[in-house]
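Order of appearance sets the numbers: ligands from 1, and atoms from 1 within every ligand.
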Amino acid sequence: MDLKSTKASPVLTDPSPINNSMLGLHSSLFPYSQSGPSFSMSTLSIPRRKPGKLDDVRSNGWLDAMKSSSPPRKKVLKDFNNVELSLDDGEIAYRSWMIKYPSALNSFQLIMDRAKNRKIVMFLDYDGTLSPIVDDPDRAFMSADMRSAVKNVAKYFPTAIISGRNRDKVFELVGLTELYYAGSHGMDIMFPARETASPDHLNCVKSTDLQGKEVNLFQPASEFLPMIDEVFRALVEITKGIKGAKVENHKFCASVHYRNVDEIVWPLIAQYVHDTLKDYPRLRLTHGRKVLEVRPMIDWDKGKAVEFLLESLGYSNNNDVLPIYIGDDRTDEDAFKVNTNLNSEQFSNLIYRLNNVIFFYISY
Ligand SMILES: O=P(O)(O)OC[C@H]1O[C@H](O[C@H]2O[C@H](CO)[C@@H](O)[C@H](O)[C@H]2O)[C@H](O)[C@@H](O)[C@@H]1O
């Protein structure tokens, strides 16, 4: 059974900033931005092009998905002593999540037992996992401590970064040459030339990395390069009048950020993206943390990238291998879905939380 048939998602949506103090946790444990965007009517300028009916994005579920990461409303609950607690939906979701998924740190021995005599292969998401979530995507830096921890992990285990970002950009942010990198949600994978990709993967070519070393490059969506470039420019143009909107070109996908856009304008930004995509029937939309991601309609995602890397590095279908994936976002669930033979109970037994990200084994 895969995650498609498992209703609850293991990832958390953005909580309200006051959660941290209420739960008695230090704010540094939370990667979420602590300052929400402020809004005044005078700061809103509406772009020239008229959107289609805003009903499109209301009926197709985009708006609901966008709102699920917004600061939720308050609810009054009673605690064990019958004292009324004012909790918002995010706080309730956070508490339930803490109960549902055991802490990886408290379960360390169990995890060590499962890892005994097996080779760990480590997969790490970037934003929200290695770096804190901040308002400006260009300033999502990982700390020196985190870099040194990842460097240490890579000393012992093959380690790959699987990010939605442009591969060069995520390499620039991480800066460790000993890792493997997959950008554009796994549609741009670089791995050592000494390894060979399966003959099924035709889009694998020889190339050189930034240090001039020979490498293999796997880009299953290479034919979409001009289309993504074009849609990126169209999205920049159509959203340019929306204060706080930001569009990024990740080579094989494009991101439209609305974290810094007032919620009142979200239907408009969603409708603009929806209208733009009408001209591109071969592109599809996925949701991330306050970001709309436009990507090619191909059967490839972070999960396929994990399988591809395991296969290319010689670790697939091997009981001696224990792949571990750590991620925080909906797109990371594609990697969690790699376990297709598990029922939902077996599946949730593989999930732990590590601070506020999900720690997951891929077991064969
Ligand atoms: O797969 P990832 O490495 O997690 O990348 C997913 C997206 O991450 C970035 O956006 C997110 O982080 C930003 C910086 O903290 C934040 O401002 C934004 O709201 C988040 O969605 C990146 O900018 C996106 O393009 C990636 O797709």
Side-chain angles (χ1 to χ4, degrees), residues 11-15 17 30-37 65-71 123-143 146 150 159-176 179-189 221 228 231-232 235-236 239 244-263 266 269-270 273 284-296 300-306 325-336 356-358 360:
V11 302
L12 259 186
T13 49
D14 284 11
F30 292 80
Y32 311 111
S33 165
Q34 297 299 296
S35 56
M66 289 167 83
K67 282 183 179 161
S68 69
S69 61
S70 67
F123 295 93
L124 301 167
D125 165 53
Y126 184 75
D127 287 278
T129 300
L130 298 182
S131 70
I133 292 289
V134 292
D135 285 346
D136 180 358
D138 292 334
R139 303 203 56 78
F141 303 121
M142 66 194 279
S143 65
M146 182 64 89
V150 174
T159 302
I161 306 288
I162 315 279
S163 173
R165 288 181 183 258
N166 178 311
R167 180 174 44 75
D168 288 341
K169 178 73 190 174
V170 79
F171 173 70
E172 188 187 310
L173 289 164
V174 176
L176 296 172
L179 311 183
Y180 306 110
Y181 290 87
S184 306
H185 295 291
M187 289 178 282
D188 189 4
I189 305 178
I228 293 293
V231 81
F232 163 73
L235 290 167
V236 169
T239 58
K246 181 178 175 85
V247 187
E248 287 179 301
N249 186 342
H250 295 308
K251 199 165 182 174
F252 299 109
C253 54
S255 300
V256 181
H257 291 272
Y258 56 91
R259 177 171 296 280
N260 302 319
V261 173
D262 193 272
E263 195 169 335
W266 290 4
I269 200 167
V273 175
R284 67 185 173 113
L285 181 116
T286 55
H287 296 268
R289 284 189 181 280
K290 294 191 176 150
V291 67
L292 299 171
E293 320 243 37
V294 173
R295 48 162 110 182
W300 200 266
D301 54 34
K302 287 187 172 190
K304 297 272 183 202
V306 164
Y325 190 103
I326 305 182
D328 74 315
D329 206 347
R330 289 175 198 173
T331 59
D332 297 309
E333 289 183 358
D334 293 326
F336 304 159
N356 57 340
V357 300
I358 282 288
F360 183 78

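- For the residue pair His185 and Glu293, a side-chain donor N or O sits within less than 3.5 Å of a side-chain acceptor on the partner.
- Partner of His257 under the side chain to side chain donor-acceptor pair (under 3.5 Å) criterion, out of Arg289, Glu248, Lys290: Glu248 alone.
- Short contacts between ligand 1 and Pro132, defined as distances under 4.0 Å to a heavy atom of the residue, involve ligand atoms 15 (O).
- The minimum heavy-atom distance linking Ser255 with Val291 is given by the pair CB-CG2, 3.6 Å.
- Remark: ligand 1 atoms within the under-4.0 Å shell around heavy atoms of Tyr126 are 3 (O).
- Among Val291, Val247, Thr129, Ile133, the residue whose heavy atom sits closest to atom 11 (C) of ligand 1 is Ile133.
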Q: Before giving the answer on side-chain contact (heavy atoms from CB on, under 4.5 Å), spell out for Tyr180 and Ile161 the whole-Å C-alpha distance, their side-chain angles and the decisive distance to 0.1 Å.
A: CA-CA 6 Å; Tyr180 306 110; Ile161 306 288; over 6 Å; no
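- Ligand 1 does not have Gly327 within reach: every non-hydrogen atom of the residue lies 4.0 Å or more from it.
- For the residues Lys302, Arg165, Arg139, the heavy atom positioned nearest atom 1 (O) of ligand 1 is part of Lys302.
- At the shortest separation from atom 19 (O) of ligand 1 among protein heavy atoms lies Arg259 NE, 2.6 Å.
- Thr129 and Asp125 are linked by a side-chain donor-acceptor pair at a separation below 3.5 angstrom, with hydrogens and angles left out of the test.
- The single protein non-hydrogen atom nearest to atom 20 (C) of ligand 1 is Arg289 O, 3.3 Å, given as residue, atom name and distance.
- Proximity of His250 to ligand 1 is established by a heavy-atom distance of less than 4.0 Å.
- When all heavy atoms of Met66 and Ala270 are compared, the pair lying nearest together is SD-CB, 3.6 Å.
- The minimum heavy-atom distance linking Arg295 with Thr331 is given by the pair NH2-CG2, 3.5 Å.
- Atom 10 (O) of ligand 1 has His257 CE1, 3.4 Å as its closest protein atom, hydrogens excluded (heavy atom only).
- The minimum heavy-atom distance between Asn249 and Asn166, with the atom names listed, is O-ND2, 4.1 Å.
- With ligand atoms numbered from 1 in the order given, ligand 1 contributes 14 (C), 15 (O) to contacts under 4.0 Å with heavy atoms of Ala140.
- Remark: among candidates Glu248, His185, Glu293, the nearest residue to atom 23 (O) of ligand 1 is Glu248, based on non-hydrogen atoms.
- Considering only non-hydrogen protein atoms, atom 15 (O) of ligand 1 sits nearest to Val134 N, 2.7 Å.
- Under the 30°/60° scheme for interplanar angles, the aromatic rings of Tyr258 and Trp266 are found to stand perpendicular.
- At the top of the distance list for atom 3 (O) of ligand 1, counting protein heavy atoms only, stands Ser163 OG, 2.7 Å.
- Counting only heavy atoms of the protein, atom 12 (O) of ligand 1 lies nearest to Asp127 OD1, 3.4 Å.
- Against a heavy-atom cut-off of under 4.0 Å, Asp135 is close to the following atoms of ligand 1: 17 (O).
- Near Ser255, meaning under 4.0 Å from any of its heavy atoms, are these atoms of ligand 1: 24 (C), 25 (O), 27 (O).
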**Q.** side-chain contact (heavy atoms from CB on, under 4.5 Å) between Met142 and Leu173, intermediate numbers included
**A.** CA-CA 7 Å; Met142 66 194 279; Leu173 289 164; 6.0 Å; no
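- The nearest heavy-atom contact from the protein to atom 2 (P) of ligand 1 is Asp125 OD1, 3.0 Å.
- Judged as a salt bridge (charged side-chain N to carboxylate O under 4.0 Å, His left out), and not counting sequence neighbours, Asp329 has no contacts.
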